[in-house]
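Single-structure report; data block below.
Note that ligands are numbered from 1 as they come in the structure, with each ligand's atoms numbered from 1 the same way.
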Amino acid sequence: MALVKSPDDRWAWVEIDLGAVKNNVRALKKCLGRGVKLMCAVKADAYGHGAVACAKAMHQAGADQFAVATVAEGVELRKAGIEWPILMLNECPDAAIDTLIEYDIMPSIYNFNFGLAYGERAAEAGKVGSYHLAIDSGMTRIGVLPVDVVEFRHGLDFHRGLSCAGTFTHFATADEVDGWDFQLQANRFVEAVTAIHDAGMETGLVHCDNTPGMILHPRAQFDMCRAGIGLYGLHPADSTRGLISLSPVMSVRGRVTRVVWPPVGAGVSYGMQYRVPKQGVQIATVPIGYADGLARSLSDNMDVIVNGVRARQAGRICMDQFMVAIEPDGPRGYRAARPAEIGDVVTIMGRDGNEEITADEIAGLRNTINYEVTCNFGMRLEKVYV
Ligand SMILES: *Cc1c(COP(=O)(O)O)cnc(C)c1O
């Protein structure tokens, strides 16, 4: 493959295309109605893509706000100079409230005692703590139940240390094109928002659509949408394919560290589950393993791309390394591969020449979703931004 940037200290890395991030932000913004704001979910280190660099690129392309899952994720963004609103999509232990206030990270509030404690601590610091009210419209995860919403707000609103900057819910089935469950959640949410207004209180920004929601259910965009997976160039489900053009952001690559032509019958990796089936099979080693997010369940069941050609991964995937079998006659209809050399680039996910291995291909083999695939690859591999 063409000249690629790789880290100095390890022949394994994740390549992050920040231009693709910006293209995806622009593509998603085209789905938004006039004046609708875009909140970008950069939780879990931006789904494994690197939160700080991604957030900066997203803001350059027009993102308004950011969403994280933990206090530490919010603090990391602030320390890196991200100065736009940050919402934490849940609560945290009371002991972390002072950190939220210090770094101006808005919590989602749905437990009364947490809300009160947040207000108290903010007032003591001489500040007003902004928060978003979470409503459970049917997913049964977090949020105040619609029947309790007005009373909940009445109970908090007297507090001079609190200010409601937003009201939101999360859909469990936004990827279904016309599902009853979606409609029911949307109706309950609208009723709850209306009840708050009718009781004479502010809701702040009203938001509920995630990536599939903003594409498939534009009527539920309200004041803001919370995009996640689409920012990273991946589709949340088959239902959004063809409706928006997204570019994958993450590639996973390594370099061959060793090559050998073992005799027929030689075992490869723990358990020797794979045995060299014939003469002329080259076994190449790549220093990426399950501790890097390459799930062990993929062992002996996935392809990689070596020099533009697909090759079979062989034997069990280890914690930090795996092996590839390069068969000269091209197995399973693949083109014949030329032997690999030490230092050759191996693509685990991404494009090399005319071949591409997508997060969806890997997710299918692992029986999971593309979200988990990129989060996992983000765990230990160094990120190289291109
Ligand atoms: C992660 C998350 C999102 C983004 O979801 P995508 O499906 O990745 O677009 C939006 N809202 C909440 C509450 C989330 O937890």
Can you find a heavy atom in the side chain of W11 that is under 4.5 Å from one in the side chain of I342?
-> yes
State, with a plain yes or no, whether a side-chain heavy atom of I196 is found less than 4.5 Å away from one of V149.
-> yes
Please lay out, stage by stage, how R188 and E191 fare under the test salt bridge (charged side-chain N to carboxylate O under 4.0 Å, His left out).
-> CA-CA 5 Å; R188 288 191 192 123; E191 279 167 25; over 6 Å; no
Determine, considering heavy atoms only, which of K43, R226, H170 sits nearest to atom 2 (C) of ligand 1.
-> K43
Looking at ligand 1, does any of its N/O atoms fall within less than 3.5 Å of an N/O of G228?
-> yes
Does ligand 1 have any atom that is closer than 4.0 Å to a heavy atom of R141?
-> yes
Atoms of ligand 1 under 4.0 Å from any heavy atom of L89, numbered from 1 in the order shown, are 12 (C), 13 (C), 14 (C), 15 (O)
Within the distance-only criterion (no hydrogens, no angle test), does the side chain of R310 pair as donor or acceptor with the backbone N or O of E356 below 3.5 angstrom?
-> yes
Write out the residue and atom name of the closest protein heavy atom to atom 9 (O) of ligand 1, then the distance separating them to 0.1 Å.
-> T211 OG1, 2.5 Å
Please could you name the atoms of ligand 1 that I229 approaches to less than 4.0 Å, counting only its heavy atoms?
-> 6 (P), 8 (O), 9 (O)
Of all the non-hydrogen atoms in the protein, which one sits nearest to atom 7 (O) of ligand 1, and at what distance?
-> Y371 OH, 2.7 Å
Going by the ring pair (Phe, Tyr, Trp, His ring centres under 6.0 Å) test, name the single residue among F189, F171, F182 that passes it with H217.
-> F182
Report yes if some heavy atom in the side chain of F322 is under 4.5 Å from a heavy atom in the side chain of I348; otherwise report no.
-> yes
Which ligand 1 atoms does Y47 reach within 4.0 Å, using its non-hydrogen atoms?
-> 1 (C), 4 (C), 5 (O), 6 (P), 8 (O)
